[in-house]
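One structure is given here, and the rest of the page talks about it.
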Amino acid sequence: SEQGGACSVLYLSRLHLDDLSLDHLTDSKRQQIQQLHLTYNRLSFLPNAVCFLSNLEYLDISNNALTVIPDDIMRLTNLKTFVAKNNLLDESSFPKEFERMQVETLNLSGNRFEDIPMQFLKMTTLQSLSLGGNRLKNIPAEIENLTSLEMLYLGGNLISSIPPEVANLTSLRYLVLCDNRIQSIPAQLNKLHSLLSLSLHNNLLTFLPREILSLVHLQELSLRGNPLVVRFIKDMTYDPPSLMELAGRTIKSQNLPFSSCDLPSNLIHYLNLASECPNPKCAGVYFDSCVRHIKFVDFCGKYRLPLMHYLCSPQCSSPCSSNPQSDSEEENSVPADRLQRVLLG
């Protein structure tokens, strides 16, 4: 072992340990231990001695064979960082009371989780949660409870969709969802105003929502390894607007006045739901009937990203082009200082 800082850090890694005894240390020295490294040993359980280090703030037990975390871990009331990568842990491995831990960093990548344990979703002090390289199939809506979260690492799982509740993590700075099976990104992610890095490489994305342009602080967007479309695509699946929608469009586009004296409350509510057509050459609106349209947007003068638009009618779609590098008057351009790194290659 290697000790430093008046025994505040204890290194016991790569020692082939299958248990741990600290009987040779006095109580006062055990109370001085703030960091404990037990990585790359042969531990199949968390040694009891660890749970009696009352001032422990950092614990790394990665690369062992742990299958369960005992109730006694609740004794570590000062623990801020808990790292247990590359073990045999799953959603049944943690005590129910674990939700009361005041942990700020939790890294359990490389284990056997198929679901995110409900205890974790109640840990409002969490600033960093890493569950990469597990077997997660979904992200529960309750993820929104982690209001202090700044980093969420869920790369290398089996996730197929992102719930819109992720957008309620307003402190989030790093979102890593690479190496999954994600097919689309919810437009609500534009509410992540603190986001600096978004990793989406090696998924099944064919387009991005146009709302992603409003992530003004985004510095890194990783998209390589996705089947992003290489030419303009129109989805002409279009349900003709209803008579009510046609009437509503006329009222809104002509700015006709209306009040509760003229219309029942349900129609007033309907009229207030009108969405403006994003085509700058169209002053129209739509309600339920719209056309999905994918348009390339120039990022950093180098990459063309396919962004999803919703238009009020097929006539609003720009001419179809088979050349992804062709220029169009309606294409938007995002300057280099808006996005420092776009990784497509």
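Counting from 1, the numbers follow the sequence of the chain as shown.
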Rounded to the nearest 0.5 Å, what's the gap from [atom1] on [X] to [atom2] on [Y]? Could you check?
X      : Y      : atom1 : atom2 : value
Leu36  : Leu76  : CG    : CG    : 9.5 Å
Glu91  : Leu89  : CD    : CG    : 10.5 Å
Thr39  : Leu43  : OG1   : CG    : 10.0 Å
Lys137 : Phe113 : NZ    : CZ    : 14.0 Å
Ile33  : Glu57  : CD1   : CD    : 12.5 Å
Leu131 : Asn111 : CG    : CG    : 8.5 Å

Quick one, [X] and [Y] - any side-chain contact, counting heavy atoms below 4.5 Å?
X      : Y      : answer
Leu136 : Asn138 : no
Ile162 : Leu177 : yes
Val176 : Leu154 : no
Leu56  : Asn78  : no
Ile116 : Pro140 : yes
Leu169 : Thr147 : no
Ile185 : Leu200 : yes
Ser54  : Gln31  : yes

Closest heavy-atom contact between [X] and [Y]?
X      : Y      : result
Ser93  : Val68  : O-CG2, 3.4 Å
Asn157 : Gly132 : ND2-CA, 3.9 Å
Lys252 : Ala274 : CE-CB, 3.9 Å
Asn226 : Asn202 : ND2-N, 3.8 Å
Asn168 : Lys191 : OD1-NZ, 3.4 Å
Asn41  : Leu38  : ND2-O, 3.0 Å

Under the 3.5 angstrom rule, does the side chain of [X] hit a backbone N or O of [Y] as a donor-acceptor pair?
X      : Y      : answer
Ser148 : Thr124 : yes
Asn87  : Asn64  : yes
Asn180 : Asn203 : no
Asn107 : Ser109 : yes
Asp262 : Phe258 : no
Asn272 : His269 : no
Thr125 : Val103 : yes

Check: Do Ser128 and Thr105 get their side chains close enough for a donor-acceptor pair, meaning under 3.5 Å?
Finding: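 On atom types as modelled, these side chains do not qualify, holding no pair under 3.5 Å.
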Quick one about Glu211 and Asn190 (side-chain donor to acceptor, distance below 3.5 Å, no hydrogens or angles considered), yes or no?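 Judged by distance alone, the side chains do not pair up.
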query = Around Leu243, counting heavy atoms of other residues, nucleotides and ligands shown, do more than 12 lie under 6.0 Å from its CG?
reply =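 For Leu243, atom CG is not crowded (no more than 12 foreign heavy atoms under 6.0 Å).
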Ring pair (Phe, Tyr, Trp, His ring centres under 6.0 Å) filter on Phe98, not counting sequence neighbours, yields Phe94, Phe120
(message) Val166 vs Leu189, test: side chain to side chain contact (heavy atoms under 4.5 Å, CB included). Steps then yes/no.
(response) CA-CA 7 Å; Val166 170; Leu189 290 195; 4.0 Å; yes
Quick one: do Arg100 and Met74 satisfy side chain to side chain contact (heavy atoms under 4.5 Å, CB included)? Show the steps, please.
CA-CA 8 Å; Arg100 300 204 314 266; Met74 301 301 299; 4.1 Å; yes
Could you name each residue pair satisfying salt bridge (Lys or Arg N to Asp or Glu O under 4.0 Å) that touches [range], not counting sequence neighbours?
range            : answer
residues 169-183 : none
residues 102-124 : Glu99-Lys122
residues 66-85   : Asp72-Arg75

Tested for side chain to side chain contact (heavy atoms under 4.5 Å, CB included) against Leu198, the lone hit among Leu223, Leu172, Leu175 is Leu175
Linking I/L/V/M/F/W/Y whenever their side-chain heavy atoms sit closer than 4.5 Å, directly or via other members, would [X] and [Y] fall into one cluster?
X      : Y      : value
Met118 : Leu152 : yes
Phe207 : Leu204 : no
Leu208 : Leu215 : yes
Leu10  : Leu20  : yes
Leu146 : Leu106 : yes

Exercise. Write out all pairs satisfying ring pair (Phe, Tyr, Trp, His ring centres under 6.0 Å) with one or both partners inside residues 134-185, taking only residues at least two apart or from two chains.
Key: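 Pairs touching residues 134-185 that pass the test: none.
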Which atom pairs, donor and acceptor, lie under 3.5 Å between side-chain atoms of residues 44-53 and protein residues at least two apart or in another chain?
none

Practice prompt. Apply side chain to side chain contact (heavy atoms under 4.5 Å, CB included) to the pair His201 and Cys178, showing each step before the final yes or no.
Written response: CA-CA 5 Å; His201 52 271; Cys178 57; 3.3 Å; yes
Begin from the C-alpha positions of Ile159 and Ile182 and carry the test side chain to side chain contact (heavy atoms under 4.5 Å, CB included) through to its verdict. CA-CA 6 Å; Ile159 298 167; Ile182 298 168; 4.2 Å; yes
Q. What about the rings of Tyr58 and His37, do their centers lie closer together than 6.0 Å?
A.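 Between Tyr58 and His37, the centre distance is under 6.0 Å.
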